[in-house]
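As structure tokens, the structure follows; a few thoughts come after it.
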Protein chains: 2
Amino acid sequence: MAKVTLKDIAREVGLSVTSVSLVLNNRPCKVSETSRRKILEVARRKGYVPNQIARSLVMQHTDTIGLIIPNIESRFFASLAKNIELKCRERGYALIITNSDDSPENDSKLVRLLVNRGVDGLLIVVSDEFATDERLVSDLSQLPTPYVMVDRFIEGLPCDKVRFNNELGGYLATRHLIERGHERIACIVNPRSNTGRERLDGYARALGEQGIAVRADYVLGSDYYIASAYEAAARLIETDATAVFASSDNIALGLLKRLYAHDLRVPRDYSVVSYDNSAADVLFEPALTSIEQNVPELSQAALDLLFRRIAESEAGELGGPDEVVLDPKLVLKDSVRRLD
Amino acid sequence: MAKVTLKDIAREVGLSVTSVSLVLNNRPCKVSETSRRKILEVARRKGYVPNQIARSLVMQHTDTIGLIIPNIESRFFASLAKNIELKCRERGYALIITNSDDSPENDSKLVRLLVNRGVDGLLIVVSDEFATDERLVSDLSQLPTPYVMVDRFIEGLPCDKVRFNNELGGYLATRHLIERGHERIACIVNPRSNTGRERLDGYARALGEQGIAVRADYVLGSDYYIASAYEAAARLIETDATAVFASSDNIALGLLKRLYAHDLRVPRDYSVVSYDNSAADVLFEPALTSIEQNVPELSQAALDLLFRRIAESEAGELGGPDEVVLDPKLVLKDSVRRLD
DNA sequence: CTGAAAGCGCTAACAC
DNA sequence: GTGTTAGCGCTTTCAG
């Protein structure tokens, strides 16, 4: 597996580099069977591996996709990254995964880094939807490379987007609780993110439909971190709520940790609907009823769109921005009890 | 941010490509201040970004490191990947993270993929230490690219390695339990991995030192998955053990899930020492005493070694295989009670 | 101080 | 059937 080039093979077989290149890429061409066989044989024997760098330089594409995510340690993003990586590989693309550490400046550095390295396309989960980095927006708006924003967005930047319908998620969760007889339903949401706000909207809609008022003391704010949710849950247990919509994985985890600490049980003392059941599901007894966001579906949609853009941009002209919205669904487990 | 090359700038300034290249890379050279300023100015105005592909082709290096891990969804590996990515970026390297999905064939495919793409170095966590892929071993043994194996190893392949001392981890965990007055100490380990076997050795050594016999019914096998540990824990609660050494994060999680399901409490009913406290720590009440493997330390050691090799291999000759072993340490929390 | 020229390894017209 | 040639965008001797 040492370094052997087309030229080496050409010299050995006594043919030109062109022929060797043609055969090794098995292009439609008229190289005699004998030569072809010889080339293949020598190539295998010497362990030839094409130099992708050189190839990329002339082909003007790298067969590489770049991914920017805020935090690879989050289960949702880890799972997203894994899925995307797998699907890219199936399509013959490599994936460069980068981690912005929840920093908007890094977002913009990483975009540049990835583009310099000649990725053919970019998948971006921005680290902050509100604290927008000016540089990022201006870079993005005149990027030569196709990109699609996933899951989170920058306000007012027209571009391709793929996301889940968070409002629907919040609605489904809350309606389920109502259908099981609950009326005093709290929710823990992240008001500093669009996803959180939308989930809250859904919560409010479901309550509204049944003529139940949204009570301020039932709406608890929390970041998407366990510790933060743990704090929020302290306020929860001072209310008379019988059910709670925990609007993310980590939020559910923080909530449950708090409940356990107070010897409160689910669903005996509180009925809980979670979001993104990935983690909580395997961790907890009982398993949590939750709103599921199908990650493979998300990554598939994002890649489909991105690859379409890449094809379009190679072909010549590309269409206007697209937005695809995926519906989450309610997955019934054992954390909600019927109230009579 | 459209595509602008050295030539474009050269033409605009009325100088040669050479001069432009020289000043843009600010090499020690004698280009007049005036020219230099003009070049810089035009470059910025046109938004020049060097084409890394072309650069790599001539420089014969890509400033890119490849990482192969078995499963990015595991917290330990996610954290490792995040750390390595950060440190690479600080050193001006990009990181290509790939996921082998616990498949040895993928290991070998990924090695080839990354090498073809011209990574300057490779960090590998093999997916299976025993089911060795022949192809992988032969590729690795004559790889032109420096690489270091991290955390797990292939038997009989002389190469650079960085790992934690698992035997010590098992020893520290068990000794702590003994010091707190426990004698009926069970352990849940993964016998299908070297890490598991070594941790078991440490467990046995600690017991042996105190003249406590290793009881077969106390040694429970489990994969590194929550579900598997959950099953193993079912057997645990049929013994009369008062303490248990849960030899991984997921194992601890499966164990705790089982204990909760049976309304058993920690440390009231069982004292528990876990491993890799990352997850369990934030999730559970009480926090778990555990053996900590310092991931930043691991990634630092791995990268130090790798970068040294890269330097050596560029310089000319590189030394023989190195092995660096890091010590884990016991972190006291609240999951162990003193037995009197 | 500055530029011409060669070449990294590969692909692709276009000859022969 | 097969070879020649000309780049891809950049760095780097080596001459002026």
Side-chain angles (χ1 to χ4, degrees), chain A residues 1-40 42-43 46-64 115-120 144-145 314, chain B residues 1-40 42-43 46-64 115-120 144-145 314:
Chain A
M1 220 172 156
K3 214 173 60 182
V4 31
T5 72
L6 278 193
K7 215 190 324 188
D8 297 332
I9 301 185
R11 186 158 359 91
E12 177 126 356
V13 199
L15 286 170
S16 76
V17 186
T18 312
S19 307
V20 178
S21 170
L22 255 21
V23 171
L24 258 26
N25 292 318
N26 57 144
R27 284 285 157 71
C29 69
K30 36 273 115 75
V31 173
S32 71
E33 252 325 296
T34 352
S35 305
R36 158 174 264 104
R37 227 195 307 278
K38 263 202 296 203
I39 292 171
L40 258 12
V42 173
K46 311 198 77 160
Y48 171 76
V49 289
N51 180 328
Q52 295 294 340
I53 307 284
R55 190 165 226 264
S56 296
L57 184 58
V58 25
M59 303 291 271
Q60 303 283 29
H61 65 252
T62 52
D63 294 343
T64 302
V115 170
N116 293 357
R117 275 167 198 284
V119 295
D120 297 340
T145 311
E314 274 168 4
Chain B
M1 221 175 151
K3 214 173 62 180
V4 32
T5 71
L6 278 192
K7 215 193 321 191
D8 297 332
I9 301 184
R11 188 161 354 94
E12 178 125 355
V13 199
L15 284 171
S16 75
V17 187
T18 312
S19 306
V20 178
S21 170
L22 254 21
V23 335
L24 257 28
N25 291 317
N26 56 141
R27 283 287 155 70
C29 68
K30 24 302 85 93
V31 173
S32 72
E33 254 324 298
T34 352
S35 305
R36 157 175 267 103
R37 229 194 306 277
K38 264 204 293 203
I39 290 171
L40 258 12
V42 173
K46 310 198 78 160
Y48 171 76
V49 287
N51 180 327
Q52 295 293 340
I53 309 285
R55 190 164 228 265
S56 297
L57 184 58
V58 26
M59 304 291 270
Q60 302 285 31
H61 65 252
T62 51
D63 294 343
T64 301
V115 170
N116 293 357
R117 280 177 193 286
V119 295
D120 296 340
T145 310
E314 273 168 5

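Hydrogens, waters and symmetry mates are skipped; everything else that's a heavy atom, side chains included, is used. We name chains A, B, ... by the order of the sequence lines, and we start the count at 1 in each one.
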Q. With a non-hydrogen cut-off below 4.0 angstrom, is B/Ser35 in contact with a base, only sugar-phosphate, or nothing?
A. sugar-phosphate

**Q.** Contact summary for B/Asp8 and B/Thr5, nearest pair of heavy atoms
**A.** OD2-N, 2.8 Å

Q | For atom CG of A/Asn51 and atom P of C/dG7, their distance in whole Å | A | 18 Å

(Q) So which atom in B/Arg36 and which in B/Arg27 form the shortest heavy-atom distance, rounded to 0.1 Å? (A) NH2-O, 4.3 Å

Q) Atom CD of B/Gln60 and atom C1' of C/dG9: how far apart are they, to the nearest Å? A) 9 Å

Q. Do A/Tyr48 and A/Leu6 have side-chain heavy atoms sitting under 4.5 Å apart?
A. yes

(Q) So, does A/Tyr48 get its side chain near the phosphate of C/dG9, meaning an N or O under 4.0 Å from OP1 or OP2? (A) no

Q: Provide, to the nearest angstrom, the distance between the NE2 atom belonging to B/His61 and the P atom belonging to C/dG9.
A: 15 Å

Q. Contact boundaries of DNA chain D with chain A (under 4.0 Å, heavy atoms), 5' to 3'?
A. D/dG1 to D/dG9

Q.
Without decimals, in angstroms, what is the distance between A/Leu24 CG and C/dG9 P?
A. 16 Å

Under 3.5 Å, sequence neighbours excluded: what are the donor-acceptor pairs made by side chains of residues 14-24 of chain A?
| residue | atom | partner | partner atom | Å |
| --- | --- | --- | --- | --- |
| A/Ser16 | OG | A/Thr18 | N | 3.4 |
| A/Ser16 | OG | A/Ser19 | N | 3.3 |
| A/Ser16 | OG | A/Ser19 | OG | 3.3 |

**Q.** Set of side-chain contact (heavy atoms from CB on, under 4.5 Å) partners for A/Arg55, sequence neighbours left out
**A.** A/Asn25, A/Gln52, A/Met59

Q.
I need the B/Ile39 CD1 to B/Glu12 CD distance, nearest 0.5 Å.
A. 12.0 Å

Q.
Does C/dT2 have its OP1 or OP2 closer than 4.0 Å to a side-chain nitrogen or oxygen of B/Ser32?
A. yes

Q: Looking only at non-hydrogen atoms, find the nearest pair between A/Val58 and A/Ala54 and report the distance.
A: CG1-O, 3.1 Å

Q. Looking only at heavy atoms, what is the nearest atom pair of B/Leu57 and A/Asn51, with distance?
A. CD1-ND2, 4.5 Å

Q) For C/dT11, does OP1 or OP2 lie under 4.0 Å from any side-chain N or O of A/Asn25? A) yes

Q. B/Lys7 NZ to C/dA5 P: how many Å, rounded?
A. 14 Å

Q. What integer distance in Å separates B/Ile39:CD1 from C/dT2:P?
A. 8 Å

Q. To the nearest Å, how far apart are A/Ile53 CD1 and C/dC8 C1'?
A. 11 Å

Report all interatomic pairs (protein N or O, nucleotide N or O of nucleotides 12-16 of chain C) with separations under 3.5 Å.
| residue | atom | partner | partner atom | Å |
| --- | --- | --- | --- | --- |
| C/dA12 | OP2 | A/Arg27 | NH1 | 2.6 |
| C/dA12 | N6 | A/Thr18 | OG1 | 3.0 |

(Q) Quick check: closest heavy atoms across B/Ile53 and A/Ser56, and the distance to 0.1 Å? (A) CG2-CB, 3.9 Å

Q: Return the angle between end axes of the helix from C/dC1-D/dG16 to C/dC16-D/dG1, with five pairs used per end and rounding to 10°.
A: 50°

Q: Could you tell me which residues satisfy side-chain contact (heavy atoms from CB on, under 4.5 Å) with B/Thr64, sequence neighbours excluded, listed by chain and number?
A: A/Arg117, B/Thr62, B/Ala94, B/Ile96, B/Val119

Q) So which one's nearest nucleotide on DNA chain C is more toward 5', B/Leu57 or B/Arg36? A) B/Arg36

